[in-house]
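Data block below; observations after.
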Number of protein chains: 2
Amino acid sequence: MRYFVAVAEELHFGRAALRLGIAQPPLSRAIRQLEHRLGVTLLERTSRAVALTEAGAVLLDEGRAALDAMAAAERRTRRASSPGAPGLVLVSKAGAAGEVLAKLLDAYAAEPDAVPVEVMLCGIREQEPALRDGRADVALLHLPFDSVAGFDTEEIATERQAVILPAGHPLSVRESMTVAEALSIPGLPPARWPLGDGSYPDGPGPEIHDHAQLLQLVALGRTAVILPESVRSLVTGLAAVPVPDAPRVTTVVAWPPHSRSRALASLVRTATRL
Amino acid sequence: MRYFVAVAEELHFGRAALRLGIAQPPLSRAIRQLEHRLGVTLLERTSRAVALTEAGAVLLDEGRAALDAMAAAERRTRRASSPGAPGLVLVSKAGAAGEVLAKLLDAYAAEPDAVPVEVMLCGIREQEPALRDGRADVALLHLPFDSVAGFDTEEIATERQAVILPAGHPLSVRESMTVAEALSIPGLPPARWPLGDGSYPDGPGPEIHDHAQLLQLVALGRTAVILPESVRSLVTGLAAVPVPDAPRVTTVVAWPPHSRSRALASLVRTATRL
DNA sequence: CCGCTTCGATACCCGTACGGTATGGGTCCG
DNA sequence: CGGACCCATACCGTACGGGTATCGAAGCGG
C-alpha cells in the first residue's frame, strides 16, 4: 500500500522508488502484484507517462486513510507505554486560540486525573493530518475555517471577527467595517490562505502558512486580514476593527471518534465546562 | 496487525493461530517481533493466561480501525472497477426508514448522473462496521439511536415516535401515551436492544437483532416498543399510539468523511432536497 | 530520419523472513 | 506427583522481496 501511494502521488516509478528507498524494478513488480491480487488495473502506463485509473484514484484516497490509521496505531501505542511520554498531545494552530488554549490547559491541569499534555503548534492545514495519523490526540479547530470531517467535536467558544490592521493605519479609527470593505483596503491586499489541496488561489496578497507569519506581515503593512477578535491580545502594534457581518468563529475541540482514552475524555469534559 | 488483533481478541495464542490458519509458534514469534519493533509490551503472558497491557488495549482499538480502513480500501477499489458491480452500496436497518428510503432511491434514480444503487439491509449495530470497512458507501442512520461518530452526515427527515402494540390491544384506543406508560404495559415487557459492545441489558423483554424480528414479536403479543411513527406503514396488524414525550427521531444519511465519489455526493445532494 | 534519452518491464540471482514441525518448560489440577 | 495445558524456543525449508543487468517502446533533437 505504501508503494502504491508513492507511485500514485509521483506518477513516476523511478521517483517513487527513490522516495521509498528501493530500486525501480521491485516496485514495478509490487504494483503489478497488487493489481493482480485486487483483479483491478490501477495505473495506465505508457512508456512515457503513468496515469491513475478510476479505481486507482479510489485506492489512493482510501489507501492514504488506511496508512494514516496504521501510523496512528503505531504512534499511539508507543506513547501509551513509555511513561516519559506525554499522556496527551494537543495540536493547535500557531498563534491562534491563545486565550482559550491557556484557559483549557489551566482548567485541565487542575483536574484530579490530569495527565501531562504536550502542546504541538503547527501551521494551517496541518492539524487534521496530525490528528489522523496519531501525532496528536486532540485538536483545537476553528469553524468555519477548518473541516471537522471524521472527528468528534465539542464547541468551547465562539467569538466575532475583526480586521487586523497595522497600528496607526488610517482605517484603524473606524468603529466597524464590512467584509467587503476589509477585503479591498487600498495598499493592503488580503492574504491568500491555502486551499484544501495545499495550493493557493491567485491574487496580489501574500501566501500564508501560519498565524505568526501572518501577523508579522500585517505589522509590516503588507496585508490586512479578518481574524477572530482574540488574536488582538497576542500581539501589540496591531489595530483591530470589528467586522460585524463576518461569520462568527467557533472554537471546537476535536478528537478521533474511536478514541477511548480516559485522559482524553477528561480533557474534553473540562473543555465543555469552560 | 491482523495477528495481534486476533490474539488480543482471543487472549489465547492457540485459538488465535487456529483462527488465522497458521501454527501457534510463528504467531508467538510474530507478536514478539511486533512488540520488539514498537519497543512496547503488548501482552502480559503467564503460562496459563494472556492479558492485554494498557498499550495493548490501545493497539487493539487503533489496529481494528486501521484494519477496517485497509479492508475498506480493498473493497472500494474492487468495486470502483468491474462495471458489473453497483456504483453505490447503501446500508439501512432492515425494516426501518422504509418510506424515506424509497423516496430517496426514487429521487436519486431520477437524477441525470445516477449510478446503480445496491441496498443492503442489516441488523441493528451492523451499519457502522459496514460503512467503516467498505462493505457499504453510505448509510441511513437514526438519531439518537445510532452513533454517527466519525462520519459526515446530513439530516433528511425527522418524525415523532409511537408505541407499537398488537392490534386490538386494550391500550390501542388511547390517543397518546407517555414513555413511562409505554415501558410498563402489563404483559408487554419492553424489548432489549443491544448495547455498544453487542451485549444485552438484563430484563424480562426479548433480545432484539433487527426490526423485522421485533415487529413480529409485537404482532405475537410478546412485547411493545417505541419506534418512529413511519414503521406503522410497513406492517399491518399492529396498532400505534403516539408518545409525545419520546425524543423525535432524525433520519440522517451518513458516509465516510474522506470519500470523494461523485456518485455519493450526488446521492447526498438528492437526500438533502427531500 | 536516426540515434539518444527516458522510463517501465523483464530476467535472473540472492538473502531473509515467514511458516511448519518438534520440543522444552512453567503452571494448575486431579 | 503425573498429566494436561499453553506459550516459548530450536531448527528447517521455501517463497517472496529486493538488487543488478538489460530490454523495448516512445518521444525528441540534431
Side-chain angles (χ1 to χ4, degrees), chain A residues 1-60 63-64 66-67 70-71 73-74 77-78 81, chain B residues 1-60 63 66-67 70-71 73-74 77 81:
Chain A
M1 187 63 87
R2 272 177 53 233
Y3 289 5
F4 172 74
V5 170
V7 174
E9 284 179 354
E10 300 282 350
L11 291 178
H12 189 294
F13 280 75
R15 279 196 300 274
L18 202 63
R19 192 172 118 185
L20 292 166
I22 65 170
Q24 170 259 321
L27 179 57
S28 286
R29 220 179 33 198
I31 301 296
R32 281 223 168 279
Q33 284 172 4
L34 178 63
E35 288 182 320
H36 192 258
R37 197 166 61 82
L38 294 174
V40 165
T41 308
L42 297 170
L43 298 166
E44 296 290 351
R45 319 138 161 86
T46 71
S47 61
R48 296 302 292 175
V50 176
L52 280 174
T53 64
E54 188 95 3
V58 170
L59 188 61
L60 177 56
R64 275 200 190 114
L67 288 178
M70 281 290 174
E74 200 171 318
T77 304
R78 275 220 183 79
S81 73
Chain B
M1 187 64 88
R2 274 176 50 234
Y3 289 5
F4 172 74
V5 170
V7 174
E9 284 179 356
E10 300 282 351
L11 290 178
H12 189 292
F13 280 75
R15 281 195 300 272
L18 202 63
R19 191 172 117 186
L20 293 166
I22 64 172
Q24 170 261 319
L27 179 58
S28 286
R29 219 178 33 200
I31 301 295
R32 279 223 168 278
Q33 283 172 5
L34 178 63
E35 288 182 320
H36 192 259
R37 197 166 62 81
L38 293 174
V40 165
T41 308
L42 298 170
L43 299 165
E44 296 291 351
R45 319 141 162 84
T46 71
S47 60
R48 297 301 291 176
V50 176
L52 281 174
T53 63
E54 187 95 1
V58 169
L59 188 61
L60 177 55
L67 289 178
M70 281 289 174
E74 200 171 317
T77 303
S81 70

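So that the names make sense, note that chain A is the first sequence line, chain B the second, and so on, each numbered from 1.
Residue A:Glu35 holds its CD atom at 4.5 Å from CG of A:Leu42, rounded to the nearest 0.5 Å. Rounding to the nearest 0.5 Å gives a distance of 12.0 Å between CD of A:Gln33 and CG of A:Leu38. Note that the CG atom of B:Leu52 and the CG atom of B:Leu43 stand 6.0 Å from one another [nearest 0.5 Å]. Here A:Arg78 contributes atom CZ and B:Arg37 contributes atom CZ; the two are 7.0 Å apart, rounded to the nearest 0.5 Å. Distance CE/A:Met1 to CG/A:Leu59: 4.5 Å, rounded to 0.5 Å.
Only A:Arg32, listed by number, bring a heavy atom of residues 30-38 of chain A to less than 4.0 angstrom from any atom of DNA chain C. Contact check of residues 12-24 of chain B against DNA chain C (heavy atom, cut-off under 4.0 Å) returns B:Gly21, B:Ile22, B:Ala23.
Bending across the helix from C:dC1-D:dG30 to C:dG30-D:dC1, expressed as the angle between its end axes from five pairs apiece, amounts to 10° (10° rounding).
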Just list the side-chain donor-acceptor pairs under 3.5 Å for residues 4-15 of chain A, sequence neighbours left out, or say none.
from: A:Glu9; atom 1: OE1; to: A:Arg19; atom 2: NH1; distance (Å): 3.3
from: A:Glu9; atom 1: OE1; to: A:Arg19; atom 2: NH2; distance (Å): 2.7
from: A:Glu9; atom 1: OE2; to: A:Arg64; atom 2: NE; distance (Å): 2.8
from: A:Glu9; atom 1: OE2; to: A:Arg64; atom 2: NH2; distance (Å): 3.1
from: A:Glu10; atom 1: OE1; to: A:Arg15; atom 2: NE; distance (Å): 3.3
from: A:Glu10; atom 1: OE2; to: A:Arg19; atom 2: NH1; distance (Å): 3.0
from: A:His12; atom 1: ND1; to: A:Gly14; atom 2: N; distance (Å): 3.1
from: A:His12; atom 1: ND1; to: A:Arg15; atom 2: N; distance (Å): 3.0
from: A:Arg15; atom 1: NH2; to: A:Glu10; atom 2: O; distance (Å): 3.3

Show me the donor-acceptor pairs within less than 3.5 Å that the side chains of residues 22-32 of chain A make with the rest of the protein, sequence neighbours left out.
from: A:Gln24; atom 1: NE2; to: A:Ser28; atom 2: OG; distance (Å): 3.1

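Atom OH in A:Tyr3 sits about 12 Å away from atom C1' in D:dC16, given to the nearest Å. Distance A:Leu27 CG to D:dG19 C1': 13 Å, rounded to the nearest Å.
The footprint of chain B on DNA chain C, defined by a heavy-atom cutoff below 4.0 Å, extends from C:dC18 to C:dC28.
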Grab the N/O contacts between the protein and nucleotides 23-29 of chain D below 3.5 Å, and write none if there aren't any.
from: D:dA26; atom 1: O4'; to: A:Ser47; atom 2: OG; distance (Å): 2.6

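Of the possible donor and acceptor atoms, one in the side chain of B:Thr53 sits under 3.5 Å from a partner among the backbone N and O of B:Thr41.
Look at B:Arg45 and you'll find a side-chain N or O under 4.0 angstrom from OP1 or OP2 of D:dA8.
Residues A:Ala55 and B:Thr77 approach most closely at O-CG2, 3.7 Å, considering heavy atoms. For the pair A:Gly63 and B:Ala73, the tightest heavy-atom approach, listed with the atom from each and the gap, is N-CB, 4.1 Å.
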